[in-house]
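Just so you know, these numbers come straight off a predicted model, no measurement behind them. Positions are given from 1 along the sequence.
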Amino acid sequence: MKRAQIVGIGAYAPQRVLTNSELEKLIDTTDEWIVQRTGIRERHIVDDNEGPADLALRAARQALDRAGVGPEEIDLIVVGTTAGDMLFPTTANLLQHRLGCRNAGSMDVYAACSGSVYSLSVGAQYIQTGKYETVLCVGAECLSRITDFTDRGTCILLADAAGAAVLRPADGEAGIIDTDLYSDGRYGELLMLPAGGSRYPATHETVDKRMHFAKMKGNEVFKVAVRMFGDCAQRILERNGFKPTDIDLFVPHQANLRIIEAAVKRLGLPMERVIVNVERYGNTGAASVYVALEEAWATKRLRAGDLVLLAAFGGGFTWGAALLRW
């Protein structure tokens with residue numbers, strides 16, 4: 001089977017920036033407290049008239065342009081998202097129409113913040129089997145829409161952005177070597193959005209109880225997330241005959257600087273081999289790995305032949321890794 005290769009990448013964040021000093025006016029917190037615990041100084045937030053499909057459209061157009069691919073060439077669109085525009089049509093369906101991808105199937109992948117690695121893995125399978133020639137993988141989030149700005153444990157973290165990657169069959173050794181996906185529903189209550197689905201549809205009671213906002217048990221999430229990062233990274237490396245020291249660039253989900261640092265320490269990697277932009281973007285969920293990978297490419301941190309490890313975790317819990325040769 002041929003490998004799937006990223007031939008174009010794009011990213012977009014809303015123009016509005018919410019700083020820690022602005023949050024100080026909304027809740028009982030300080031810039032020092034936020035930076036010390038999360039590493040975040042600012043995050044991008046959508047305007048009232050923006051949704052995930054709008055952000056995805058900007059990122060996708062950039063990725064297509066860089067790949068030299070027209071919308072009519074796309075066979076499949078896979079969008080990872082946590083807070084899509086609506087239950088249906090899917091965000092992928094909205095994106096398909098607005099991009100003008102008349103020949104493409106489309107689907108959303110709901111794996112919370114792991115939606116980046118999940119969508120990339122799903123898209124890669126269609127290339128590897130020869131079913132499709134060109135797949136657009138996207139992560140798009142408007143997490144600010146499910147953020148309770150009276151809860152300082154979550155509102156300092158969540159933000160909005162989108163990233164996209166165009167996949168095509170690789171020539172030579174470049175491309176996605178392997179992907180791993182995992183889940184464990186035992187941890188669901190640690191990070192969840194209780195209402196809004198069919199179990200708890202919108203009622204006066206669910207709204208009054210603020211059940212339509214993300215809920216997180218931060219300390220417990222930290223412990224599980226660090227272990228997930230380390231375990232999936234070690235497994236995918238060992239299965240493919242690599243060691244952590246072989247990694248040229250590690251692109252983790254940008255959830256929290258402390259989680260990233262702990263995971264990197266567990267892997268035994270120097271921070272110089274890690275792309276970190278959580279300070280300027282916050283946690284952008286399923287978009288974060290794509291956004292960080294695009295920044296690595298744009299700043300020339302990625303070179304041909306580099307061994308790159310992607311890893312993410314999210315509510316559910318879900319987690320996963322992707323190993324690729326740039």
Side-chain angles (χ1 to χ4, degrees), residues 1-7 9 78 80 109 111-132 135 137 139 165 167-187 223-255 259-275 286 288-290 292-293 296 301-314 316-326:
M1 295 188 293
K2 283 194 172 183
R3 289 179 180 174
Q5 180 181 8
I6 297 175
V7 296
I9 191 161
V78 186
V109 174
C113 297
S114 302
S116 52
V117 173
Y118 267 66
S119 61
L120 192 69
S121 179
V122 170
Q125 310 311 309
Y126 284 92
I127 300 291
Q128 290 172 345
T129 61
K131 174 66 176 177
Y132 291 134
V135 176
C137 300
L167 303 184
R168 276 190 156 174
D171 291 322
E173 295 300 312
I176 298 172
I177 298 169
D178 197 5
T179 63
D180 258 348
L181 305 179
Y182 303 93
S183 67
D184 194 333
R186 290 178 299 169
Y187 301 108
K223 296 172 187 176
V224 177
V226 171
R227 177 170 56 81
M228 288 174 174
F229 259 147
D231 288 353
C232 70
Q234 290 286 0
R235 287 173 189 169
I236 199 169
L237 288 170
E238 288 174 5
R239 189 168 67 235
N240 290 280
F242 295 107
K243 303 182 297 295
T245 51
D246 295 321
I247 299 171
D248 295 298
L249 188 67
F250 179 38
V251 185
H253 168 47
Q254 308 290 308
I259 292 176
I260 294 172
E261 289 176 338
V264 168
K265 182 178 180 180
R266 183 166 175 163
L267 276 173
L269 279 178
M271 286 301 293
E272 292 76 24
R273 296 190 192 180
V274 185
I275 183 75
S288 81
V289 168
Y290 287 122
L293 186 63
R301 297 259 323 254
L302 277 174
R303 295 166 297 180
D306 279 354
L307 185 66
V308 182
L309 175 65
L310 316 179
F313 71 92
F317 265 27
T318 62
W319 67 102
L323 190 64
L324 57 96
R325 183 71 69 181
W326 196 255

Do you know the tightest heavy-atom contact between [X] and [Y]?
{"X": "V251", "Y": "A292", "value": "CG1-CB, 3.7 Å"}
{"X": "C232", "Y": "G320", "value": "SG-O, 3.8 Å"}
{"X": "G175", "Y": "A170", "value": "CA-CB, 4.4 Å"}
{"X": "A286", "Y": "A112", "value": "CB-O, 3.7 Å"}
{"X": "L267", "Y": "P244", "value": "O-CB, 3.3 Å"}
{"X": "A311", "Y": "V289", "value": "O-CG2, 3.8 Å"}

Give a yes or no on whether the backbone of [Y] and the side-chain of [X] come within a donor-acceptor separation of less than 3.5 Å.
{"X": "S119", "Y": "V78", "answer": "no"}
{"X": "D184", "Y": "R186", "answer": "yes"}
{"X": "R3", "Y": "E173", "answer": "yes"}
{"X": "S121", "Y": "T179", "answer": "no"}
{"X": "S288", "Y": "Q254", "answer": "yes"}

Distance (rounded to the nearest 0.5 Å) between [X] [atom1] and [Y] [atom2]:
{"X": "Q234", "Y": "I236", "atom1": "CD", "atom2": "CD1", "answer": "12.0 Å"}
{"X": "L269", "Y": "L309", "atom1": "CG", "atom2": "CG", "answer": "8.0 Å"}
{"X": "M271", "Y": "I260", "atom1": "CE", "atom2": "CD1", "answer": "7.0 Å"}
{"X": "I176", "Y": "I127", "atom1": "CD1", "atom2": "CD1", "answer": "9.0 Å"}
{"X": "R301", "Y": "E272", "atom1": "CZ", "atom2": "CD", "answer": "9.0 Å"}
{"X": "T318", "Y": "Y182", "atom1": "OG1", "atom2": "OH", "answer": "13.0 Å"}

Sub-4.5 Å side-chain heavy-atom contact between R325 and L307: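 Of all side-chain heavy-atom pairs linking L307 with R325, at least one is under 4.5 Å.
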Test item: D231 and R266 side chains (from C-beta on) under 4.5 Å apart, heavy atoms: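 With C-beta onward as the side chain, the pair touches.
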[X] and side-chain contact (heavy atoms from CB on, under 4.5 Å): which partner among [options]?
{"X": "P252", "options": "I259, V274, V264", "result": "V274"}
{"X": "L293", "options": "L120, I275, I9", "result": "I9"}
{"X": "Y118", "options": "S183, C137, C113", "result": "S183"}

Cationic N near anionic O, under 4.0 Å, R235 to D180: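 Judged by the 4.0 Å cut-off on N to carboxylate O distance, R235 and D180 do not form a salt bridge.
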Check ion pair D246-R273 (N to O, under 4.0 angstrom):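 The answer is no: the pair does not qualify as a salt bridge.
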Neighbour count above 12 (heavy atom, 6.0 Å) for Y126 OH: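 It does not: Y126 OH has 12 such atoms or fewer within range.
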F317 and Y187 aromatic ring geometry - parallel, tilted or perpendicular at 30°/60° bounds: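 Plane angle between 30° and 60°, so tilted.
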